[in-house]
Amino acid sequence: MSTSTTSPILTVTPGLTDLGRGADAAPCDIVVLSCTRIGDTLVVQLAGEIDHYSAGPLRVMLASAAAQGYTGLTLDTSRVTFCDSGLFLVLDFWPMRGRRLRLVNTSRAVRRLLEVAV
């Protein structure tokens, strides 16, 4: 007998209040506050710091979502306190093969990165 289960792309930690200690301590991580599906679009709310070191889990999550057939990605970055080009490296592959990417509620840190990139 064979059974099949569909596991979630990630597990969200409810009630999260501490987003890390910032540059004064060890590197912070990206925190996924929520991850929901609307049709073929994955809607993700991020918090914390995004850099080359912390972006790995996000890269894996998005690769998994693409492999599962998601064609849309909406990122809410309103609670991202720092990001560098590591965010671009994670998102670089997403628009390939007709997938859509949308950034909403961009934080000041993300807006600064976008302004520098243009």
Side-chain angles (χ1 to χ4, degrees):
M1 179 168 121
S2 174
T3 61
S4 175
T5 61
T6 303
S7 61
I9 293 174
L10 57 98
T11 304
V12 177
T13 305
L16 182 71
T17 56
D18 181 17
L19 299 179
R21 298 185 329 185
D24 296 333
C28 290
D29 292 325
I30 299 171
V31 177
V32 176
L33 296 176
S34 67
C35 182
T36 56
R37 176 183 185 171
I38 300 174
D40 65 351
T41 299
L42 187 65
V43 180
V44 180
Q45 183 182 22
L46 299 175
E49 298 186 1
I50 304 170
D51 62 17
H52 293 279
Y53 299 105
S54 68
L58 180 60
R59 182 179 300 110
V60 171
M61 182 186 81
L62 295 181
S64 176
Q68 292 180 31
Y70 287 90
T71 58
L73 174 63
T74 299
L75 287 181
D76 180 332
T77 61
S78 60
R79 298 197 48 198
V80 172
T81 57
F82 172 84
C83 68
D84 65 11
S85 60
L87 177 62
F88 288 146
L89 293 175
V90 168
L91 299 177
D92 186 42
F93 83 97
W94 188 264
M96 295 178 187
R97 299 186 183 169
R99 290 188 294 260
R100 302 170 317 278
L101 171 64
R102 187 171 157 226
L103 296 174
V104 298
N105 301 324
T106 54
S107 70
R108 187 171 148 200
V110 173
R111 281 191 307 272
R112 265 185 280 160
L113 179 65
L114 293 172
E115 288 169 1
V116 168
V118 174

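Under the 4.5 Å side-chain contact rule for hydrophobic residues, Phe88 and Val116 do not share a cluster. Using a 4.5 Å cut-off between side-chain heavy atoms of Ile, Leu, Val, Met, Phe, Trp and Tyr, with links allowed through other members, Leu91 and Ile30 fall into the same hydrophobic cluster.
The shortest side-chain heavy-atom distance between Val110 and Leu75 does not fall under the 4.5 Å cut-off. Contact check for Arg112 versus Ser107: no side-chain heavy atoms found under the 4.5 Å cut-off. Arg99 places a side-chain heavy atom less than 4.5 Å from the side chain of Phe93. Side-chain atoms of Leu89 and His52, non-hydrogen and from C-beta on, do get closer than 4.5 Å to each other. The side-chain heavy atoms of Ile50 and Val90, taken from C-beta on, include no pair separated by under 4.5 Å.
Closest approach of Leu101 and Trp94 over heavy atoms only: CB-CD1, 3.9 Å. Between Gly86 and Ala55, the closest heavy-atom pair is O-CB, 4.2 Å. The two residues Leu46 and Leu58 have their closest heavy-atom pair at CD1-CD2, 4.0 Å.
With rounding to the nearest 0.5 angstrom, the CG atom of Leu87 is 11.0 Å from the CZ atom of Phe82. Atom-to-atom distance recorded for Leu62:CG and Asp92:CG is 12.0 Å, nearest 0.5 angstrom. In this structure, CG on Asn105 lies 7.5 Å from OG1 on Thr77, to the nearest 0.5 angstrom. To the nearest 0.5 Å, the span separating CD on Gln45 from OG1 on Thr36 amounts to 9.5 Å. We find the OG-CZ distance between Ser54 and Arg59 to be 9.5 Å, quoted to the nearest 0.5 Å. Considering CG of Leu103 and CZ of Arg111, their distance stands at 11.5 Å, rounded to 0.5 Å.
Residues passing the side-chain contact (heavy atoms from CB on, under 4.5 Å) test with Val104 are Thr74, Asp76, Arg102, sequence neighbours excluded.
By the 6.0 Å contact criterion, CZ on Arg100 is enclosed, its count of non-hydrogen atoms from other residues, nucleotides or ligands being greater than 12.
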